[in-house]
K.L.:
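Before anything else, here's the structure in question.
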There are 2 protein chains.
Amino acid sequence: MKGKATSFDIAHYAGVSQSTVSRALRNSPLVNEETRKKVQEVAKQLNYKVDKNASNLRTQQSSTLALLLFEDPTADDSQINPFFLAMLGSITRACARAGYDLLVSFQQASEDWHADYEDSHRADGLILLGYGDFIDYQEKLDKLMSTATHFVCWGAQVAGHPDLSLSCDNEQGGRLAAEHLISLNRTHCAFIGDASEHSPEFNARFNGFKGVFTEHGFTIDNRKIANAISTDESGYHATKSLISNNVQFNALFAASDLIAIGAIRALKEANLRVPEDVAVIGFDDIPMASFINPPLTTISQSTSKAGEMLVENLLKLIAGQPVEHKVLLPELVIRQSCH
Amino acid sequence: MKGKATSFDIAHYAGVSQSTVSRALRNSPLVNEETRKKVQEVAKQLNYKVDKNASNLRTQQSSTLALLLFEDPTADDSQINPFFLAMLGSITRACARAGYDLLVSFQQASEDWHADYEDSHRADGLILLGYGDFIDYQEKLDKLMSTATHFVCWGAQVAGHPDLSLSCDNEQGGRLAAEHLISLNRTHCAFIGDASEHSPEFNARFNGFKGVFTEHGFTIDNRKIANAISTDESGYHATKSLISNNVQFNALFAASDLIAIGAIRALKEANLRVPEDVAVIGFDDIPMASFINPPLTTISQSTSKAGEMLVENLLKLIAGQPVEHKVLLPELVIRQSCH
DNA sequence: CTGAAAGCGCTTACAG
DNA sequence: CTGAAAGCGCTTACAG
């Protein structure tokens with residue numbers, strides 16, 4: 001036989017019609033047990049595999065999900081945020097368990113990342129991951145909504161559609177960080193991250209954090225806040241600028257672990273000891289967090305649970321089932337960067 | 001219009017035949033410039049996207065590559081080797097540049113990971129990544145060969161088909177490590193990794209390393225060799241066993257950075273200082289390597305170049321073009337874990 | 001339980 | 001340069 005075997009080849013060798021082959025291979029209850037066995041045997045012998053393009057075309061679905069990871073435009077070629085890499089891992093596994101294939105693609109925030117994965121029937125739905133500017137982002141989400149594309153996203157909220165988002169309770173995470181620092185008597189605290197509406201997750205972390213400080217009668221001076229995107233470079237420079245502006249603080253809350261790692265580097269360079277002079281707390285609990293010096297106290301988000309739930313929700317959406325807005329609970333992980 | 005627009009809808013609105021629509025959208029030189037413009041305009045208005053399943057079915061190809069990442073069976077759910085994660089990133093980018101989609105899937109070495117991605121026309125070819133046992137592995141590669149599947153793999157060699165593999169020059173990497181240690185007068189050296197044919201990459205690293213030691217008149221005592229797979233846990237335990245067996249060494253070559261990280265932890269627990277008491281050198285240069293304490297001296301493999309070349313070679317194979325066997329050059333990265 | 005037939009939405013040889 | 005038609009390999013309503 002030249003080329004791949006088709007269902008007609010199987011039909012020929014098994015002595016049945018092609019329709020019966022198709023039914024037998026899909027385990028249709030309509031087909032006789034013996035017929036099924038014979039068909040499946042022949043199929044195995046000929047190393048037959050259903051042509052996905054043909055069956056997808058016929059059934060108008062793809063059993064494929066697409067993961068779109070969009071990056072900060074400044075991120076360099078090789079560095080992908082480890083937090084998202086971990087998410088990618090858990091999403092991949094969750095897809096496999098559900099019998100779906102996963103298409104992965106990186107997108108610059110500037111590109112047309114909403115893409116046409118679903119319109120072109122390459123995927124039944126999209127999973128959107130990424131830090132980045134929430135404002136830029138919104139317009140594209142609207143476009144996705146308008147084309148009735150099935151999607152879920154991590155972190156950012158879709159206006160009017162809380163069910164499409166999944167995130168950890170970032171405000172609660174910020175609160176945990178603040179309580180820990182206050183319990184340690186570290187109340188002159190700087191914040192590195194973007195505490196604006198452009199970064200809704202960072203903003204929520206900051207708000208939770210600030211809330212607890214306020215409840216305890218402490219304030220966070222605006223001079224102690226420095227902007228950074230989620231890279232260690234950015235965290236490094238933001239911290240350096242704080243130091244060179246002579247801002248005084250004995251604690252630092254970084255909006256992500258990567259930022260915290262850069263911050264620690266800047267502190268060390270300025271001969272500030274961590275945690276003696278400055279206690280540092282991060283957010284995410286990326287694998288690296290436990291390996292740096294000192295090991296980083298941080299707020300952990302469960303990437304494995306997150307990935308699973310994203311896939312689960314997207315599958316429900318595709319099936320037309322209702323999805324509830326859920327929020328994952330962050331946890332404080334105490335290591336040695338605060339005391 | 002209900003549902004997605006098809007090429008017939010475009011034809012209707014543009015006042016041409018469906019064949020012409022198809023030609024116009026594919027930029028066939030056969031179609032009149034004005035006709036093309038009108039067709040593309042209408043297509044845009046209707047938010048038309050070519051149905052990939054239909055066009056793939058017709059053309060018998062998928063413009064999709066599949067990346068199969070297989071893992072050590074012991075690896076826990078969330079931990080993926082950062083080296084492969086970096087490869088994944090660069091492969092994803094390389095695919096996007098080439099206009100291909102990328103399917104990603106994790107496979108346990110025990111599973112039928114050769115899968116049916118190509119037979120079922122989901123992908124035009126496969127990229128295989130993974131540490132793991134080379135012997136188990138070979139049988140599946142044979143199967144892939146026998147079904148004329150297009151694939152390339154990282155690291156392991158396919159018997160009789162050097163062109164299907166890409167790797168860094170692991171032996172040269174081992175040599176670089178040895179020369180560095182010897183130049184530092186660290187000649188009582190332990191090796192952690194699997195120096196057997198089961199792990200051809202580790203084995204090559206060890207052979208290059210040992211070769212240089214021999215040339216300089218030094219030996220590597222078998223007692224100083226401990227087996228480990230590429231996880232920090234495994235490196236930790238292997239190093240611990242060396243220490244508890246009272247093996248003496250002032251240098252340690254770990255077959256991967258993850259192993260080195262575990263080894264350093266074990267050394268510290270035994271109150272051995274790195275690098276004063278034991279100089280440690282790793283392999284891979286994963287992102288974490290520069291963040292641990294002390295920052296790890298290691299042999300770097302360029303994941304971005306590797307990813308690009310894997311995709312490039314696979315595309316050549318698919319196009320029926322000849323592929324040369326190439327090898328990437330590793331580089332010594334000096335940090336603070338050896339002196 | 002089985003078969004003949006239609007049709008998913010394209011691409012491309014064929015005829016003009 | 002354009003159109004009518006065949007066909008990629010399936011799935012499934014329809015008829016028996």
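Chain identifiers are assigned alphabetically (A, B, ...) following the order of the sequence lines, protein sequences preceding nucleic acid strands; residue numbering begins at 1 within each chain.
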K.L.:
Round to the nearest Å and state the distance from B:Lys38 atom NZ to D:dC1 atom C1'.
P.N.:
14 Å

K.L.:
Got a minute to check which stems DNA chain C is part of, using Watson-Crick or G-U wobble pairs under 3.5 Å, three or more consecutive?
P.N.:
C:1-3 with D:14-16, C:5-12 with D:5-12, C:14-16 with D:1-3

K.L.:
Are B:Val152 and B:Leu317 packed together at the side-chain level, in the sense that at least one heavy-atom pair is separated by less than 4.5 angstrom?
P.N.:
yes

K.L.:
For A:Arg122 and C:dC8, what is the distance between atoms CZ and P respectively, to the nearest whole Å?
P.N.:
22 Å

K.L.:
Without decimals, in angstroms, what is the distance between A:Asn56 CG and C:dG7 C1'?
P.N.:
16 Å

K.L.:
What's the spacing between B:Asp119 CG and A:Lys52 NZ if we round to 0.5 Å?
P.N.:
12.5 Å

K.L.:
So which protein N/O to nucleotides 9-13 of chain D N/O distances come out below 3.5 Å?
P.N.:
residue	atom	partner	partner atom	Å
D:dG9	OP1	B:Gln60	NE2	3.2
D:dG9	N2	A:Ala54	O	3.3
D:dC10	OP1	A:Tyr48	OH	2.7
D:dC10	OP2	A:Ser7	N	3.0
D:dC10	OP2	A:Ser7	OG	2.7
D:dC10	O5'	A:Tyr48	OH	3.0
D:dT11	OP1	A:Arg26	NE	3.0
D:dT11	OP2	A:Ser22	OG	2.4
D:dT11	O2	A:Arg58	NH1	2.0
D:dT11	O4	A:Gln18	OE1	3.3
D:dT12	OP2	A:Arg26	NH1	3.0
D:dA13	N6	A:Arg23	NH2	2.7

K.L.:
Under the side chain to side chain donor-acceptor pair (under 3.5 Å) criterion, do A:Ser22 and A:Ser19 qualify, and how do the steps go?
P.N.:
CA-CA 5 Å; A:Ser22 178; A:Ser19 344; over 6 Å; no

K.L.:
Name all residues meeting the side chain to side chain donor-acceptor pair (under 3.5 Å) criterion together with A:Thr64; count only those two or more places apart in sequence or in a different chain, and write none if there are none.
P.N.:
none

K.L.:
Run the side chain to side chain contact (heavy atoms under 4.5 Å, CB included) test on A:Ser62 and A:Tyr100 for me, step by step, so that the C-alpha distance in whole Å, both residues' side-chain angles and the decisive distance to 0.1 Å come before the verdict.
P.N.:
CA-CA 9 Å; A:Ser62 67; A:Tyr100 275 71; over 6 Å; no

K.L.:
Within this structure, what is the CZ-to-C1' distance between B:Arg36 and D:dT2, rounded to whole angstrom?
P.N.:
13 Å

K.L.:
Is any side-chain N of the basic residue among B:Arg36 and B:Glu33 closer than 4.0 Å to the acidic one's carboxylate O?
P.N.:
yes

K.L.:
What's the gap between D:dC10 and D:dC14 when it is taken at their P atoms, as a whole Å value?
P.N.:
23 Å

K.L.:
Evaluate side chain to side chain donor-acceptor pair (under 3.5 Å) for A:His121 paired with A:Gln60, printing each intermediate quantity in order.
P.N.:
CA-CA 8 Å; A:His121 285 274; A:Gln60 297 292 67; 4.6 Å; no

K.L.:
Contact class for A:Ser28 (heavy atom, under 4.0 Å): base, sugar-phosphate, or nothing?
P.N.:
nothing

K.L.:
Given side chains that start at C-beta, do those of B:Trp154 and B:Met309 come closer than 4.5 Å, heavy atoms only?
P.N.:
no

K.L.:
Given the P atoms of D:dA6 and D:dT2, what is the spacing between them in whole Å?
P.N.:
22 Å

